[in-house]
Each structure stands twice: as structure tokens, then as C-alpha cells.
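Note sheet for the following structure.
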Amino acid sequence: MAVKYYFEALHDAIHEEMTRDSAVMVLGEDVGQYGGSYKVTKGLYEEFGEWRVLDTPIAENSFAGMAVGMAMTGVRPIIEGMNMGFLLLAFSQIANNGGMVRYTSGGQFTVPMVVRGPGGVGKQLGAEHSQRLEAYFYAVPGLKIIAPATPRDAKGLLKAAIRDNNTVLFFEHVLLYNLKEEIEDTEDLVIPIGKANLLREGTDVTILTYSRQVHHCLQAMKTLEEEGYDPELIDLRTLKPLDLEMIGASVCKTHRLLIVEEDYKTAGIGSEIMALVNEHFFDQLDAPMVRLASKDIPTPYNGRMEAATIPQVADIIQAVKSLVD
Amino acid sequence: MAVKYYFEALHDAIHEEMTRDSAVMVLGEDVGQYGGSYKVTKGLYEEFGEWRVLDTPIAENSFAGMAVGMAMTGVRPIIEGMNMGFLLLAFSQIANNGGMVRYTSGGQFTVPMVVRGPGGVGKQLGAEHSQRLEAYFYAVPGLKIIAPATPRDAKGLLKAAIRDNNTVLFFEHVLLYNLKEEIEDTEDLVIPIGKANLLREGTDVTILTYSRQVHHCLQAMKTLEEEGYDPELIDLRTLKPLDLEMIGASVCKTHRLLIVEEDYKTAGIGSEIMALVNEHFFDQLDAPMVRLASKDIPTPYNGRMEAATIPQVADIIQAVKSLVD
Amino acid sequence: MVQELHAPVKTAEITREEGFVLYRDMVLGRTFEDMCAQMYYRGRMFGFVHLYNGQEAVATGLSTLLRPDDYSCSTYRDHVHALSKGVPARAVMAELFGKATGCSRGRGGSMHLFSAAHNFLGGYAFVSEGIPIATGAAYSAKYHGTDQVSVNFFGDGATNNGAFFESLNMAALWNLPIIYVVENNLWSIGMQHARASSVTDIYKKALAFDIPGYQVDGMDVLAVRRAAKQAIERARKGEGPTLLECNTYRFRGHSLADPDELRDPAEKEFWRKQDPIKQLSRYLLEYKLATAEELKAIDEEIQAVVDDAVQFADDSPEPPVDEIYRFVHAEDE
Amino acid sequence: MVQELHAPVKTAEITREEGFVLYRDMVLGRTFEDMCAQMYYRGRMFGFVHLYNGQEAVATGLSTLLRPDDYSCSTYRDHVHALSKGVPARAVMAELFGKATGCSRGRGGSMHLFSAAHNFLGGYAFVSEGIPIATGAAYSAKYHGTDQVSVNFFGDGATNNGAFFESLNMAALWNLPIIYVVENNLWSIGMQHARASSVTDIYKKALAFDIPGYQVDGMDVLAVRRAAKQAIERARKGEGPTLLECNTYRFRGHSLADPDELRDPAEKEFWRKQDPIKQLSRYLLEYKLATAEELKAIDEEIQAVVDDAVQFADDSPEPPVDEIYRFVHAEDE
Ligand SMILES: Cc1ncc(C[n+]2csc(CCOP(=O)(O)OP(=O)(O)O)c2C)c(N)n1
Ligand SMILES: Cc1ncc(C[n+]2csc(CCOP(=O)(O)OP(=O)(O)O)c2C)c(N)n1
Ligand SMILES: [Mg+2]
Ligand SMILES: [Mg+2]
């Protein structure tokens, strides 16, 4: 076992996969000589050279399209979005081609590409740098979407994403990079895409969450336990495809559902989960499902307003209580 | 009263608003000399000149950004997306600036801009030309989203959108342009944004739909009525903000909800509606809400597959029956 | 024969065999597209169908010099680029008919032709969308250390889109084996090139990236071929990208749905006179590389190929609707 | 005085008053940014803060020639562009402190400074994002028949993005009154300009659009001012856009979060020697446009302005959290 930071775990995943498979390469802004804005690709340029660790100009639309072209022709590119928000400029290439070429080509071409980078609300980064795009891309067919909350999941899921033959969007959280965790020293740590992680068994209420909000929920658990509540906490880890099996099993046990997410409340991951649970487990619900999400506003710079924009521990505790009581 | 095609109604709305307000102008590909791919801007170039009916190069990202800059400085641009799908290239300008500049500038600047054009599944147009982007943009704060189903609504809502001081996405449907309807001859036909339209009162089940699927639903009504069903049919018209009042009133009456939409089932407009109804009217529901939407696949070219991709009249009838019986 | 003795001594720049290859390929493109028009009007194919008539010299001049393992990437106006790269007429016509035997298994349609077997990377329906993709394929070739080249066809209108400039810059930075072929047919649907580009000579934009740029008579297949040869050699030798601006014209509307009312009849006439196929046949005859009979025979042979393609498409089955989800994910085989 | 008699007869290209305006503006920029660094390290401001130190000659050379009703548009490195356009130091500092009195009411932050009152169209956090927006403002001026001009500041890295090329083309097509000011500081965070652009002379890219392009010493405010004067005149007279490449350098890291390990100390030293403020003060003294005392007085005066700005920001209230939804829609006043 070794203690790893979230950013190191990501680095190790890429390093191991690049070592294992010469087709795997990284491209993006400052991924090479600079080592990545969050140091995820540190040292790779020196080890693997400029062809496999490609510093690109600031041309998101075209380098994403290039990555599609590479992926169609035997390379396995990992795009780093310096901030995932910038990839709004590459939306058409990611959606049209990362998501659809496999289908429109009748199965002839695959696009094994990973699009990874930081997102989420950080420390007063302002509206454009605080975006959560997981919901914007959610409807696009053909894509898989991952959002790990811990170093171990970050490593295991990134390795799985790199080995996956579909286009995978991999959302890291800007405030998790310096999170530490003990991880086994194996190179075989591959966590299957599509499997959620049961963090706490409980009977009161099912809490579904992902990415940074997992940690807010874990904090809330302490207080809730002390006060005699018994929530079941699930880290979705993979947002698309959802682990409907685990979600269903839990809802059938608790009959109550709370979703804690950092993306916008409107049309967020939570709304799709609610729709699915309504469709599959309606009779199991004893109360309306609740979404605890970010307010539907551009993330304000002001610290207090920013804090009020996203779900906080107190909100989670409050939400669980009003759901259970 | 005069009989107008959907495309004419749109034309009239723009013509009237350009006549009424010299700040209103149109820009996009082939909107001028060509008269618009679907003839919506026919004749405007000749009447208002090249500065108010601006033919742009194929540069969606930049002409959308230009429109934002114009809108911030006293012009009221109407962007025509030759196909709304192409505006995926302008996603960042529409979302970051159309949606957020009002807020990030602390209310100093407004972006009164309309982004309109055809979307939807047409007659074997292929995957990239058959996109429904209403869901992709739905989460973006600050935007309003409209999708009219009839010539009258198209005219009245487009006029409202042009007069609105926010960025409004206006989704026309490629298969509705040649739909005819009698419209009153007034220039004051302005239909308020955010108000749905009750097309049929009923007691069995509430059907929420929009755009082309309104017509599929109307067809289904005939059969359903004959067979003794009594559905309530509502055309949402405005997708954001939703007319939760009318939706709620209807659900409280019928206790059953069917949503018929042409966008993808996953993370579509329907999932957000389900989330809202669950939050506000959970106790009113006697059965799981049902989404009848497009399959989660890139729209296939083959005619039969394409037909099987979107909801058809028979599917609607079937869905109503299984919900009510 | 006696005649030959009197014939002026001229040497052709191509052999008789090469001449046949070029002629056959251009006639195939033309005949195929004319058939598409018929089939479209008869309701056998749908959607937006963009025909290539008039521009054959470009696809043929480039593609007939490519190796099977070279990459080709196109736009929505892609039928003939696919054919010239070797995709069988049967597979393309069947795709347009939406059949299971189509080159995209009926899922793609006119604007989304693909053929992995021919390294035909596809038709792309968004303007300029294929440019970065072809550039990525060129990167792959270099990445894998092969000497494959990537050829990318697109129109004048695409050169006003950011992807064009972004991609040229990257291709130059990394010295990629790619040929950017601009088919400047003077129009983007109803938008005149001169109204859309502040500098109408597209080849000059290569200077902004230190890429060699050339302007070529896109109605003269031999001129295109000459330029293509150079560019392909450069790319194959690892000397980097080239921009070829081929001045050409489409003989039909933008798509079969386009009324084509804006283009001046005189302009159309001017270009029709330079029909690339007529020019080549004149050349072949003048240089005695072929006889009228031989060319006529090819015309008929090609007509048979296209008729057979229609027959094949007709006889082919529709893709089973119950496989509608197949190929959304890579897991589907 | 006696001395003056012996002084070489030289005529300065600016008046004493103009000299003071330039000097005051540059010192304000420098002093303000240095204060930002302090405040950032003291935890008074957060997020990514991009300082302008070293590039002052560009903002000042351009902006001091603008009319209040002219438009200015910037990037995330926008503090000094805002100040030079007339936005009060108080309002900018308060914004960085996230206060209700900030120029964006505390909602924008360092990368989103706005001031409608000064036609400062904003800082934009996405690279190249402001280019089309400034172009749109130029279109508005022409649309309304005013003689306003639009000035757009951005970096060398932005010139590799499609929006740069797309916008230049449109500005040229429609002959818009805009000046594109590239602040070529040789780096995009850790990416050297020469590794990101196949042609490093950015002014040459204007040729691809038939726009006049000039390269200017961006460390010499008078050189920038000369070029700016021409460009602004052209724009105001309706003669269209200009591209100005100002060669400059940032004296600090990309942002206050950047370790700045890649740039060669010798390179930094080379540019530090050309500090634009020192150059101007030397000039003012040499030409007897100002005395050392006068300049010192200005330095102190500006220091007071910046200290006052901090005090103001400190004393200002936070925006009420219960107004968190305010201004999402235009309806909110
Ligand atoms: C991104 C995008 N914008 C707009 C369109 C609509 N459109 C299709 S073809 C075309 C004109 C393209 O002209 P050009 O690049 O010269 O190619 P040509 O059709 O002349 O071969 C346009 C505007 C599109 N398909 N994609
Ligand atoms: C679209 C986009 N891509 C990437 C970034 C991240 N980023 C911020 S500044 C920067 C470098 C920009 O360099 P340049 O344009 O030269 O301006 P400078 O910072 O040197 O003033 C990058 C890559 C961004 N903000 N937006
Ligand atoms: Mg063209
Ligand atoms: Mg720079």
C-alpha cells in the first residue's frame, strides 16, 4: 500500500497504461513540458517524449477532433482539458464524433478516447471556471461519463476508461486533487465502469452522490449517525451508465431517495436519476425524491455567495432529517 | 384572419419586429441573398439591407460571439442556425455569454439575443442533421427555451422572444415549416413566454408534449376518444421556464402523467419535468410517470430505423392505454 | 499508321493505362452522381444529397495516386471521394438506399459514408468537421512510424471556419503527412466565396502557417494530378503538409433540394465549357492514348457498374429494425 | 536656465501633459497589480489572478487614446485594461475582494470585470472568447452609424484559436472599426509561442485577411501609442480593422498560482531591462518633460489611490447572499 494524492493516482493510472500500451498517449494544453496544470501528467513528457505527450495550442475544437481522428486510426488519446469547461469549444467534436461515429459508421470505426480534466466549483474561480459539464453532455448517445471521488477510484476508473473502446468523459474535481488515500501498489487496479460504490449501509434513506459531494455526505454522516439516523450512502462513481441495480436495491430497502450533486439542480444528473427511479421503483417510494444540487445560477465569485451556491454539509443533514422524519 | 405556413409566420414575426424596432437584425448563413434555407428570412435582405440581414461566413462560434457583443451594445440580433445542430460549435458563446454575462457583469449588461432555427428528426437527414439540442442547453442558467408547434405559436412566441431581454433559444422543427394555420391579421400577436397551451381538457391522464410531437398526440387523441379515453393534452410551447402551474393543475386532476418528446429519453426535457412533478405533486400521482421519447441512439439514416427512433402515434395510444387501464 | 507519321510529335505526361484509370474514375463519379439524382427524384434516397458533378478532376487527381492504406476524409459531398478511394459503387449506392449492405450499414446515409477497409475516414456533415479528423489520422501515421499520408477534401466555405486555421497550424507545427485539398467551387450554398472570405485566394492562407500552398486548375485532372503527386511525395517523405486550392465548380445545385437560383447562368455556362471529363477525353484522343471507341466502351462499362450498383442496392435487405441499438457502443459487434 | 541652453535641441513627440497621462496610467497599472499580489497572498482575493506587470505600455498606449464611448474588451488578464479604460481602482479592487461595490457587484471576480459606464465590455475567462464579442461591438458602432471604435486585447496564445481567424475575416469583410491588439508576451502559461504557432510573427497573419498588421515594441509606450493613433484613426474614419502585435513580456508568472519554472532567468532579465515604465520616465526626464520630483510625486499619488482602493474595498459590504439569484435574468433590476 502507498499513500497517494488524487492527482498522483491519476498520474499513476496514465503512466501505467502508457507503459502497458504504446498506443496510449496524452494531448492537451501544457500537459508536456509544464507537466499539467494540476501536475497529473508531470514527468510523462520526459519519459515518453513529445509525440506521446503532446503540448497543443489553445485550439480545443481542433485538437479534440484530431484526437477523434487518431482514435479512429489506432491511437488511444487521452485529452486533458485544462479545465473541462474549455471543452465547450469542442462540444461538436466530442458529441458528434466521439459519441456517434461508431454508430454512423455502422460499427466500422471505434473512438477509444478519454476526455479528462478538472471541473466543479473551486475556491472562487468565477463562473466560467466553475462549470459542471457532466449534465451538458449527459444526453449525448455513445458517451460514458465518470466522476471519481477518491484517489483509488480515480486511478482504477481512469485505467478502465483508458482501456475502454468508447469515448469516455472523465470529470475530476478541482478541489479533490490534493486528497490523500492509501492505495494498493498493484498495476491491476482497474475498477469496472458502471458500478457504484456502497459507502455506508443504512435503512432510513438512500443518498446518491458523486465527486466532491461524496465528502460532504461523509461529513454529514457523522452528525446524522450521532443523532440516530441510519442513511445508506452510495457513491455513483460512474454517471453514465448508471448502476441502476444498486440504486434500485437500495431504494427498495429505504423507500426514500436523496440525491446530492454539485451540478445545476435543473436538468442535472439528479433529474435523470429521479426519472429512472420513478419508472422502475415508483411503488417503493414513500416520499418525494429530493435533489440537493447547485442553485441555477452562474457561479458567483463572492465567497459567501459561492458557498451558498453548492450543497453544504448542513444542507445534507437538513435534507436527510426532513426526508426521514 | 389569413392562412399562414409555419415558415411564413416566423417570417412575419421577424418582419414585423424589424419594422417596429430598428435595433432588431438577423444574421446567419444564407439568411440574406438566399432568403434562408427554409425561406424564413425571404425578402428581408431586399427590404432592410445587408446590415440588418447579415450573411455570415460559416463561423458559428464567432458569429454567435459577435451577436453577444452586438446585444451587449444596443443591437437586438436574431441568429439563424441553418440547422440548430451547427450551433454546437457556438456552445461556449451561447452558454457562457448568452447565458451568463448578465449575471457575471452584476446586471450591467443584457444580452437580448434570439437563437433560432430548425431542429428535430426530419426525413432521413442523418445523425448530425437530426439533433434535438433543447436538452443539451437546458441546464445553462440564464437561457429561455421555446419550441412552438403551430404557425400561430411560432409567430406569437418569436415576437415575444425578440422583445425579451434575455438570450432565448427558439427551436423550430424541420418538419413543421409547411404546416398551415389561420392566424389573426394583427401585429400585436405576442404570446407570453412561459405559458403552456391546454389543447384538450380531460380527466384520464395528463399528456405533456411540444413541437412536432404535439401533432402526433393530436392524431392519437382521435383514436383514444373513440375508444372512450379522456386524456388532457398540453402543449408546453415554452420549455424553459416551464409552466409548472398548468402542469400541476392538470396532474392534480388526472393523477397520471405521460410526457411525449422527440429528444433523447435520457436526460431529456421529460426527465426534468418528472423531477419537478415528483418534487411538487408526488402525492397526486397514482402511477409512475411515463416518458415517451426518442431512443438513445444517433438518428439512423435508414427510414424504418429512423421511424422507430422517435415516438409514433401508435406508441402514444399504447402508452396512454397502459397508463390509464 | 500513315496518319501517325503526320501526327505532331508530342509526348503525353501520362501513359495509356494511367489515362484509362483517370478517365474511368471520373466517369464513374459522374455517372454515379447522375444516377443518384434520378434515384432521389424517384424517392429511392432521402435527406440532403450533395452531388459532385463538375468537380471530378479533384477527387480523381488526388485519390488515384493514393495507396490503399492512405487515409481519405471528406464532407457531406462525399460519394465520389469514397468511390475514388476504392469504396465499391454497390456499397455506396446501398448506403444511399439505407440498406444493410451499405458502406455504413444503412445507419449513415449520404453525408456519413465510411469504409474502414479503404481507410476512408468518412463523410462529415458539419462544415470543416473533417479537417481536424484527417489531421489526427496524419498524426497517427507519424505516431506509428508508417509512411501513410492523409488527404482531406473540403470546400471554400470551410476555409472561413476556425477548424481550418487551427488544424493547419498544428499540421505545420508537427510536420504532419497531410494534404489539405480545398475544392473552391466559388459558392457555399448561396454565399459567394468573395462575400465570405476577405482574401479569395485560399492557397495564400497557407503562408500564415508556413505551409506550401498552391492554386490548381481543378477542372484539369492532369494539373491536379501533377500538384497531388508533389504534395503526396512531400508528405510521404516526411516533409510535411501541403494546401492545394483546386479551382472548380459544381454543375448542380448545392444539394438536390437547392433551387440554385442565385448563380448566374453565364457563370454556369463558363464552367460547363471546362467539363473535366471532356477535357481529359480530348487529351486522350489528341495524344492518341485512347480511341473514341475505347472511351465509349468505358462509358458503357461504367454505366453497367452503376446500374449494377442500383440493382444490388435494390435487392439488398433493410437493416433489421430490432438491431436499432447495435453499434451505439464499441461493445456491439 | 543656463543648463537648458547647453541641452541638445530635441523635440519630444508628446507634450508634458500627455507624458504625465501616460506615466500616471502605467504607474497605476503597475502599482495596482503589485497590490493585488500582496492582497492575494494575504488571502484577500481568490481564484486565478493574472497580473499585467511588464505589459503596461500596451494598455496605456492604446486606452489613453480612446474616447469614453469607445469600446474595450479584454481577457482574464483584465485589471489594467479596465483601469486604463477609466474604471476606478476602487471598483476594480472591490470586485477582486468580492464586494457589493465591485465593478461586477462581486459576482464576476478577477476574470470577469465589467463596466457598462465605461463601455468596458468585460474580461473573458476563455482564451479568445472576447475576440468575437469586441468584433460584435464594432459591428454595433457601424450599425448605429456612430464613429466609436472597439479595441480588443488578447494574447499570443489566443491567435492559435479559431475565433481569432474567424473574427478577423468578418471584421475585414465588413470593414469594422476595430483594433485587434495582440499582447505577444511569448508564452501561454508554460507553452512557448514558438512551440504553439508555426509562424511566430503574428502581425503577418493579418495578410491572410487583407488587414493591415503591424509589429510594435510593446515595451515602448510611445511606439505603441504611435501605432495605436494610426489604427484608431483608420477605424474612426471607417477605413476598417487593424491588427497590432505588441511584443512584450510579463514580469510575473502566468497567474499568482503559477510556479513559473519554465521561463529562462536570462530571458526574464533581458525583458526586465526594458521595463516600459522606466523607459518612459527616462524619456520624460531626457526631454525635460518632467522632473524626477514630479514623477516621484505621481508615484506617491498613485500609491495613495491604490491604498485608498484597498481601504474602500475593505470597508465595502459583501453582496447580500439572499440576492444570490439577482441578475440571472434581465428582468432583475
Ligand atoms: C458547421 C456547419 N455549418 C453550416 C452547415 C450548413 N452547410 C452545409 S454545406 C454548406 C456550405 C459549404 O460550402 P463549401 O465549404 O464551399 O463546400 P461546398 O458545399 O461548396 O462543396 C453549409 C453552410 C453545416 N453543414 N455545418
Ligand atoms: C478556451 C480556453 N482554453 C484554455 C484556457 C486556459 N488558459 C488560460 S490563459 C492560457 C494561456 C493564454 O496565453 P495567451 O493567449 O498568450 O495570453 P497570456 O496569458 O499570455 O496573456 C490558457 C491556456 C482558457 N482559459 N480558455
Ligand atoms: Mg464551395
Ligand atoms: Mg501570452
Side-chain angles (χ1 to χ4, degrees), chain B residues 22-25 27 49-52 54-77 79 89-90 92-93 95-113 140-144 163-168 193 241, chain D residues 71 73 95 100 102-109 111-117 119-126 128-144 148 150 161-171 173-174 176 319 325-333:
Chain B
S22 63
V24 177
M25 60 83 71
L27 73 160
E50 62 185 3
W51 282 96
R52 293 187 65 189
L54 180 63
D55 279 319
T56 64
I58 305 164
E60 284 79 7
N61 182 35
S62 294
F63 73 63
M66 269 187 63
V68 170
M70 293 181 202
M72 291 170 71
T73 54
V75 176
R76 302 182 70 87
I79 292 175
L89 284 160
S92 70
Q93 284 289 354
N96 286 357
N97 300 326
M100 308 205 299
V101 155
R102 170 76 182 163
Y103 192 82
T104 50
S105 71
Q108 292 177 86
F109 287 98
T110 57
V111 187
M113 164 170 102
V140 179
L143 300 179
K144 295 182 179 179
R163 296 182 190 189
D164 196 277
N165 286 325
N166 299 283
T167 293
V168 181
I193 295 171
Chain D
Y71 297 110
C73 184
E95 185 59 31
C103 61
S104 304
R105 285 208 175 90
R107 285 164 174 72
M111 300 194 275
H112 299 291
L113 302 176
F114 289 88
S115 182
N119 276 354
F120 185 71
L121 299 177
Y124 291 87
F126 278 26
S128 84
E129 191 178 19
I131 302 176
I133 288 177
T135 307
Y139 193 92
S140 283
K142 195 149 175 174
Y143 187 93
H144 291 121
Q148 291 161 285
S150 179
N161 188 283
F164 168 70
F165 300 97
E166 291 179 344
S167 298
L168 260 63
N169 182 47
M170 293 192 278
L173 280 172
W174 306 321
L176 301 180
Y325 283 102
R326 191 172 167 208
F327 302 128
V328 172
H329 288 108
E331 291 69 25
D332 312 331
E333 274 323 318

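Proteins get letters first, then strands, A, B, ... in listed order; numbering begins at 1 in each. Keep in mind that what you see is a predicted model, and the values were worked out from it rather than measured.
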statement: Most heavy-atom pairs under 4.5 Å with chain D, out of B/Gly107, B/Ala67, B/Ser62, belong to B/Ser62
query: Is any side-chain heavy atom of B/Met72 closer than 4.5 Å to a side-chain heavy atom of D/Phe114?
result: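 A side-chain contact exists here, since the closest heavy-atom pair is under 4.5 Å.
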Proximity breakdown for [X] and chain B, heavy-atom pairs closer than 4.5 Å:
X        : result
D/Leu168 : neither
D/Cys103 : backbone
D/Ser115 : both
D/Phe164 : neither
D/Asn169 : side chain
D/Leu173 : side chain

Pick one of side chain, backbone, both or neither for [X], based on which atoms fall under 4.5 Å of a heavy atom in chain D.
X        : answer
B/Thr56  : both
B/Ala71  : neither
B/Met100 : neither

Roughly how far, to the nearest 0.5 Å, is [atom2] of [Y] from [atom1] of [X]?
X        : Y        : atom1 : atom2 : answer
D/Phe327 : B/Phe109 : CZ    : CZ    : 13.5 Å
D/His329 : B/Tyr103 : NE2   : OH    : 12.0 Å
B/Thr73  : D/Asn119 : OG1   : CG    : 8.5 Å
B/Ser105 : D/Phe120 : OG    : CZ    : 12.0 Å
B/Phe63  : D/Ser167 : CZ    : OG    : 12.0 Å

field: For D/Tyr124, the option from B/Asn96, B/Asn97, B/Thr104 that meets side-chain contact (heavy atoms from CB on, under 4.5 Å)
entry: B/Asn97
Expected list for residues 132-139 of chain D: side-chain donor-acceptor pairs under 3.5 angstrom, two or more places apart:
residue  : atom : partner  : partner atom : Å
D/Thr135 : OG1  : D/Ile131 : O            : 2.7
D/Thr135 : OG1  : D/Tyr180 : OH           : 2.7
D/Tyr139 : OH   : B/Trp51  : O            : 2.7

Taking all atoms of both residues into account, what is the closest heavy-atom pair of [X] and [Y], and its distance?
X        : Y        : answer
D/His144 : B/Val75  : CE1-CG2, 3.6 Å
B/Asn61  : D/Glu166 : CB-OE1, 4.0 Å
D/Ser104 : B/Gln108 : CA-NE2, 4.1 Å
B/Gly69  : D/Ser140 : O-OG, 4.3 Å

Identified side-chain hydrogen bond (donor to acceptor under 3.5 Å, both in side chains) counterpart of D/Glu331 within the set B/Asn165, B/Asn166, B/Thr110: B/Asn166
task: In sequence, state the C-alpha distance, the side-chain angles, and the governing distance for B/Met25 and D/Tyr143, and then conclude on side-chain contact (heavy atoms from CB on, under 4.5 Å).
output: CA-CA 10 Å; B/Met25 60 83 71; D/Tyr143 187 93; 3.6 Å; yes
- prompt: Does the B/Arg102 side chain pair with the main chain of D/Asp332, one donor and one acceptor, at a distance under 3.5 Å?
  reply: yes
- request: For D/Glu129 and B/Gln93, indicate whether the former's side chain and the latter's backbone hold a donor-acceptor pair under 3.5 Å.
  value: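 Looks like no, no N/O pair under 3.5 Å.
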message: side-chain contact (heavy atoms from CB on, under 4.5 Å), that's the test. Do D/Trp174 and B/Met66 meet it? Break it down for me.
response: CA-CA 13 Å; D/Trp174 306 321; B/Met66 269 187 63; 3.7 Å; yes
